[in-house]
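Only one structure is covered here, and it is reproduced in the block below.
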Protein chains: 2
Amino acid sequence: MPKVSQEHLDARRQQIVDAARARFASHGFARTSMADIVDGSGLSNGAIYRYFKSKDEIVIAVCEQGTEALPTALTAESVAAFLEHVRARARDTDHARLVVQIYAEATVSPALAVVVQGQLAALRATIAEMVPPRRSQQADEIAEAFVALCSSYSQQLAMRGDVDSAPYAAALMAIIEG
Amino acid sequence: MPKVSQEHLDARRQQIVDAARARFASHGFARTSMADIVDGSGLSNGAIYRYFKSKDEIVIAVCEQGTEALPTALTAESVAAFLEHVRARARDTDHARLVVQIYAEATVSPALAVVVQGQLAALRATIAEMVPPRRSQQADEIAEAFVALCSSYSQQLAMRGDVDSAPYAAALMAIIEG
DNA sequence: GCAAATAAAACGAGGAGTCACTCTTTTTAT
DNA sequence: ATAAAAAGAGTGACTCCTCGTTTTATTTGC
């Protein structure tokens with residue numbers, strides 16, 4: 001095949017990332033082989049290595065694309081709705097399991113750790129901005145605990161299947177209100 | 001060598017578990033080979049398989065031995081001291097990294113998931129008992145969030161190196177006090 | 001026909017697990 | 001009591017396989 005549009009190239013790359021993410025989420029990183037990604041993507045072995053230099057590069061791409069959701073405001077309703085969103089995503093796409101896998105790999109792969117740390121810092125910054133003025137002095141501390149507890153809810157979902165979100169909603173509000 | 005005391009057998013088994021834990025903590029589960037455990041334990045390849053049927057069995061043994069610490073009371077001082085203990089252990093023995101590895105593996109290995117779920121449930125039960133009478137109605141919910149946030153602090157330590165424990169201490173007390 | 005892109009086979013490394021064997025202690029038979 | 005036999009602990013070379021990557025051949029559009 002001759003030269004092809006940039007959109008086409010992007011689409012192909014996306015196919016690979018999507019296949020990899022699905023497989024990482026359902027089987028974990030270590031138990032996903034290149035052959036699995038080849039099969040899942042519908043492309044060939046050679047094609048994959050045209051778009052990614054190595055398996056590790058694919059992991060990083062998956063991680064970079066995996067933007068975490070956040071509540072839109074720090075109100076009880078908004079937080080509760082957000083937790084339900086996390087719960088639904090864990091149920092429907094194994095997203096929680098994927099996140100746990102990425103975190104584990106990040107503790108062992110410096111390149112991935114950089115990406116993950118950056119994403120976590122961005123999440124904390126976003127939350128810190130939402131902290132009500134009354135507590136803006138502790139905005140950073142609140143954001144730290146808030147984001148940590150959110151990611152922990154995701155982690156619990158990954159390990160225990162389904163977990164009621166109510167205790168987490170209550171705890172998050174307690175953290176915000178002090 | 002002929003028949004040998006039970007203590008001797010236990011000691012040998014412990015050698016293997018210790019070597020495996022150290023390596024899992026520093027390099028992760030997937031990046032630890034049987035050869036690594038052989039070298040670290042000072043035993044031979046064959047000897048290891050006399051004590052454990054497979055690598056997965058070793059992981060489970062490591063997990064079963066890894067009891068998590070807990071605060072002795074739900075007071076500000078006790079909780080703060082506990083978090084510092086977690087922090088110190090992460091720094092000195094890479095324990096936080098080990099936990100993250102185990103959690104990730106548990107999402108993918110049913111046998112390990114059973115062990116991990118049991119341990120988490122025990123931790124929640126212990127915390128629930130400590131909840132002050134004033135809030136005993138919500139003891140279970142509080143314990144759920146409390147344990148989750150503790151394990152999240154550990155997770156953050158694993159991924160980000162060192163993290164101040166103060167925000168977590170404040171958040172944990174906020175959860176307890178509502 | 002040519003260049004780009006893909007597919008498939010081949011390769012080399014490394015891993016988990018096995019097995020035939022050794023060596024030492026315990027048991028047994030004389 | 002002593003020597004032969006049995007049994008258990010430990011060994012490490014070896015096997016078989018999987019995996020990530022590279023190389024080679026083929027196809028495809030212009």
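Order of the sequence lines sets the chain letters (A, B, ...), proteins ahead of strands, with each chain counted from 1.
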Same apolar cluster (I L V M F W Y, side chains within < 4.5 Å links), A:Met173/A:Phe146
yes
Counting the atoms with a prime plus P, OP1 and OP2 as sugar-phosphate, which does B:Tyr51 contact under 4.0 Å by heavy atoms, base, sugar-phosphate, or nothing?
sugar-phosphate
Take atom CD1 of A:Ile58 and atom P of D:dG20, then tell me their distance rounded to the nearest Å.
9 Å
B:Arg12 side-chain N/O to D:dG10 phosphate OP1/OP2 under 4.0 Å:
yes
Could you check how far NZ of A:Lys55 sits from P of D:dT18, rounded to whole Å?
15 Å
Atom pair distance, as rounded to whole Å: CD1 in B:Ile37 and P in D:dG12:
18 Å
Once you round it to whole Å, what is the distance between C1' of D:dG20 and CZ of B:Arg31?
14 Å
Show the distances under 3.5 angstrom between N or O atoms of the protein and N or O atoms of nucleotides 22-24 of chain D.
none

Evaluate the ring planes of B:Phe24 and B:Phe29, with Trp represented by its six-membered ring, and classify them as parallel (under 30°), tilted (30 to 60°) or perpendicular (over 60°).
perpendicular
Between CG of B:Asp10 and C1' of D:dA9 the distance, given in whole Å, is 15 Å
Measure from the side chain of B:Arg50, starting at C-beta and using heavy atoms only, and say which of C:dA7, D:dA9, D:dG20 lies closest.
D:dA9
Can you tell me how far the CD atom of A:Gln155 sits from the OG atom of B:Ser151, to the nearest 0.5 Å?
4.5 Å
Can a donor-acceptor pair be found between the side chains of B:Ser41 and B:Gln15 at a distance below 3.5 Å?
no
Would you kindly give the CD1-to-C1' distance between A:Ile48 and C:dA7, to the nearest whole Å?
12 Å
Residues 114-124 of chain B side chain polar contacts: donor-acceptor under 3.5 Å, at least two apart:
unit_1   : atom_1 : unit_2   : atom_2 : d
B:Gln117 : NE2    : A:Met159 : O      : 2.7
B:Gln119 : NE2    : B:Cys63  : O      : 3.0

Donor on one side chain, acceptor on other, B:Tyr168 and B:Gln156, under 3.5 Å:
no
Counting heavy atoms from C-beta on, name the nucleotide in C:dA16, D:dT21, D:dG10 closest to the side chain of A:Met34.
D:dT21
Answer with yes or no whether the side chains of A:Gln14 and A:Asp18 bring together a donor and an acceptor at under 3.5 Å.
yes
The side chain of B:Ser33 lies closest to which of these nucleotides: C:dA16, D:dG10, D:dT21?
C:dA16
Atom-to-atom span, CG of A:Asp36 to P of D:dG20 - whole angstrom
8 Å
Looking at A:Ser44, I'd like to know whether one of its side-chain N or O atoms comes within less than 4.0 Å of OP1 or OP2 on C:dT6.
no
